[in-house]
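Report on the structure given below.
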Protein chains: 2
Amino acid sequence: MRTTFKDVKSDILAKIMLGEWAPGALLPNEVDLAETYGCARATVNRAMRELADDGIVERRRKAGTRVRSAPIRQARFDIPVVRDEIERGNAEYRYALVSRTVERAPDWLRAQLSLEPDTRAIHLTCMHYADGAPYQYEDRWINLDVLPAAENADFTAIGPNEWLVATIPFSNAEISFSASLADDRLAEYLGCPAGQPLFTIERSTWWETRAITFVRLYFRPGHRMTTKY
Amino acid sequence: MRTTFKDVKSDILAKIMLGEWAPGALLPNEVDLAETYGCARATVNRAMRELADDGIVERRRKAGTRVRSAPIRQARFDIPVVRDEIERGNAEYRYALVSRTVERAPDWLRAQLSLEPDTRAIHLTCMHYADGAPYQYEDRWINLDVLPAAENADFTAIGPNEWLVATIPFSNAEISFSASLADDRLAEYLGCPAGQPLFTIERSTWWETRAITFVRLYFRPGHRMTTKY
DNA sequence: CAGTGGTCTAGACCACTGA
DNA sequence: CAGTGGTCTAGACCACTGT
């Protein structure tokens, strides 16, 4: 059997894991490795590139490839789409619009999304339920200058996230995780005592340079996001 | 200038973003695309493979490449190494050991890590400071059956995370984000009022099938993890 | 069984950067 | 300026899987 890039990758990874190549060590260059493994340089390159993507090694032209001393460990999280998330848990999903207003973007939002003064925005708050129990409280702003159609959308029928996904793509986004405290309003909607800690996600999305939406998602108490890596 | 895989990738991405290829649409095969772009098939392949990795398209042999209808949006987070995290913020890092005991692994930990009964573990609690201010409270367990050396390590001098990184690699890990409430003890160490919401990370790591360590990290109030994607 | 993506090869040229 | 990784090419064979 031919040597595949996966063979090369796992062999190199094993050598690193077993300490044969210690953190900080310089690995042989691609030409030498290709000879060692009896394969083409492109094969070694693919293996090494993936190891670099995985944060295991660090590559620099001329300087060569080194084992990262403090491996940059990264985790990938699926960005939750609340309906899918709930239905994956075999629970019944229900959505409800709580409030809807159209207003000028408040200052903090203008700062968050770099909006022009006097930008109009639609402000929505919604609830998402799993098997009838409160699951997530959503507090969302949509930029009406970019998406005037949002003013006429029927958000009593469809959640703003689903509407947005179906309506407009986005080119980049920023997401942030934190912890919030349930105030009286949140506690009431989420059916929990005030003062509970709530896992919170904030997300801003842009199309090119134009801000589309900002959303803050408060999860019911005890929620956690988990991933393996 | 030659056509690079980045050219191809961004052109295809643009076509998808602009709606030229709608969600669910079948893209031309690699041979045709290579002809269209006037490049080798390997170049198209690299571009398409990256788009698939990014969750933009879905590829299946024989069936071809389609635009994902619900793009799998993923975010990558760097797993924080607390010293680096603090020093990247141009703050001075300080570490202190709070407590150290050796005991039999409690039941919840045995369950969490799938440990044998009577496994011995070392239990450490530590503080991490940024410019003298409390930054993170660390509550860690290390499996002494796998890492007996931990019993003799001097954790007053070096943080357990740094010691572990330098001592043993790990093959896989599970990480989980949530929100906790500051109890009196945490509040005292973190220098905040009790009842504050704290962003919390839990991580379990294994070497092959053997559990190495479990750690719970409580961040000071207001902490957030952010990434762009 | 035929079409599509997955991968390898051998060679080439280029871009970056450390010495 | 020389060594290393980054990328492209043209061609080949293979693996999977829908029809």
Side-chain angles (χ1 to χ4, degrees), chain A residues 1-16 20-69 71-72 74 76, chain B residues 1-16 20-69 71-72 74 76:
Chain A
M1 157 109 182
R2 238 177 198 170
T3 305
T4 72
F5 78 90
K6 286 181 183 173
D7 296 334
V8 177
K9 183 179 176 183
S10 67
D11 188 74
I12 292 178
L13 190 56
K15 282 197 167 66
I16 292 174
E20 194 157 331
W21 285 324
L26 182 66
L27 271 54
N29 68 33
E30 296 191 347
V31 176
D32 291 349
L33 283 172
E35 195 172 349
T36 304
Y37 289 109
C39 65
R41 195 192 129 210
T43 305
V44 173
N45 181 271
R46 171 94 188 259
M48 300 290 266
R49 187 153 36 78
E50 294 205 353
L51 286 171
D53 283 347
D54 294 347
I56 309 293
V57 302
E58 189 174 7
R59 321 196 72 192
R60 263 155 50 223
R61 286 162 148 121
K62 164 78 180 178
T65 302
R66 290 179 180 280
V67 180
R68 288 200 108 100
S69 37
I72 291 190
Q74 296 183 320
R76 292 180 80 143
Chain B
M1 156 109 182
R2 236 176 201 173
T3 305
T4 72
F5 78 92
K6 285 180 184 174
D7 296 334
V8 177
K9 183 179 176 183
S10 68
D11 187 74
I12 292 177
L13 190 56
K15 282 197 166 68
I16 291 174
E20 193 157 331
W21 285 322
L26 183 65
L27 271 53
N29 67 34
E30 295 190 347
V31 176
D32 291 350
L33 283 172
E35 195 171 348
T36 305
Y37 288 110
C39 65
R41 180 168 77 102
T43 305
V44 173
N45 180 272
R46 169 95 189 258
M48 299 290 265
R49 187 152 36 79
E50 294 204 354
L51 287 171
D53 283 347
D54 294 347
I56 308 293
V57 301
E58 191 174 6
R59 319 195 76 192
R60 265 156 48 221
R61 287 163 147 121
K62 165 79 181 178
T65 302
R66 290 178 180 282
V67 180
R68 289 200 108 100
S69 37
I72 292 189
Q74 297 183 318
R76 292 180 81 147

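Sequence lines set the chain letters: A, B, ... in the order given, protein chains first and strands last, and positions in each chain run from 1.
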Side-chain N,O ([X]) to OP1/OP2 ([N]) below 4.0 Å:
{"X": "A:T65", "N": "D:dG5", "value": "yes"}
{"X": "A:R46", "N": "C:dT7", "value": "yes"}
{"X": "A:R60", "N": "D:dG5", "value": "no"}

In this structure, how many angstroms lie between the [atom2] atom of [N] and the [atom1] atom of [X], rounded?
{"X": "A:N45", "N": "C:dC13", "atom1": "CG", "atom2": "P", "value": "18 Å"}
{"X": "A:L33", "N": "D:dG5", "atom1": "CG", "atom2": "C1'", "value": "12 Å"}
{"X": "B:K6", "N": "D:dC8", "atom1": "NZ", "atom2": "P", "value": "9 Å"}
{"X": "A:E50", "N": "D:dG6", "atom1": "CD", "atom2": "P", "value": "13 Å"}
{"X": "A:I12", "N": "D:dG5", "atom1": "CD1", "atom2": "P", "value": "11 Å"}
{"X": "B:K62", "N": "D:dA15", "atom1": "NZ", "atom2": "C1'", "value": "14 Å"}
{"X": "A:R66", "N": "D:dT4", "atom1": "CZ", "atom2": "C1'", "value": "12 Å"}
{"X": "A:E30", "N": "C:dG11", "atom1": "CD", "atom2": "P", "value": "16 Å"}

Sugar-phosphate, base or nothing in reach of B:R41, heavy atoms under 4.0 Å: base

Taking all atoms of both residues into account, what is the closest heavy-atom pair of [X] and [Y], and its distance?
{"X": "A:A63", "Y": "A:L26", "answer": "O-CD1, 3.5 Å"}
{"X": "A:W21", "Y": "A:I12", "answer": "CZ3-CG2, 3.9 Å"}
{"X": "B:T3", "Y": "B:G38", "answer": "OG1-O, 4.3 Å"}

B:T3 or A:R2, whichever maps to the more 5' nucleotide of DNA chain D: B:T3

Contact check, side chains of B:V57 and B:I16, non-hydrogen atoms, under 4.5 Å: yes

Sole candidate of B:K9, B:K6, B:R59 that passes salt bridge (charged side-chain N to carboxylate O under 4.0 Å, His left out) when paired with B:E50: B:K9

State which of [options] makes the closest approach to the side chain of [X].
{"X": "A:R61", "options": "D:dG3, D:dT9, C:dT7", "answer": "D:dG3"}
{"X": "B:F5", "options": "C:dT9, D:dG5, D:dC8", "answer": "D:dC8"}
{"X": "B:T4", "options": "C:dT4, D:dC8, D:dG5", "answer": "D:dC8"}

Verdict with reasoning, B:L33 to B:M48, per side chain to side chain contact (heavy atoms under 4.5 Å, CB included): CA-CA 10 Å; B:L33 283 172; B:M48 299 290 265; 3.9 Å; yes

Verdict with reasoning, A:K15 to A:L27, per side chain to side chain contact (heavy atoms under 4.5 Å, CB included): CA-CA 11 Å; A:K15 282 197 167 66; A:L27 271 54; over 6 Å; no

Stems involving DNA chain C, each a run of at least 3 consecutive Watson-Crick or G-U pairs under 3.5 Å: C:1-18 with D:1-18

Residue met sooner reading DNA chain C from 5', once A:G38 and B:L27 are mapped to nucleotides: B:L27

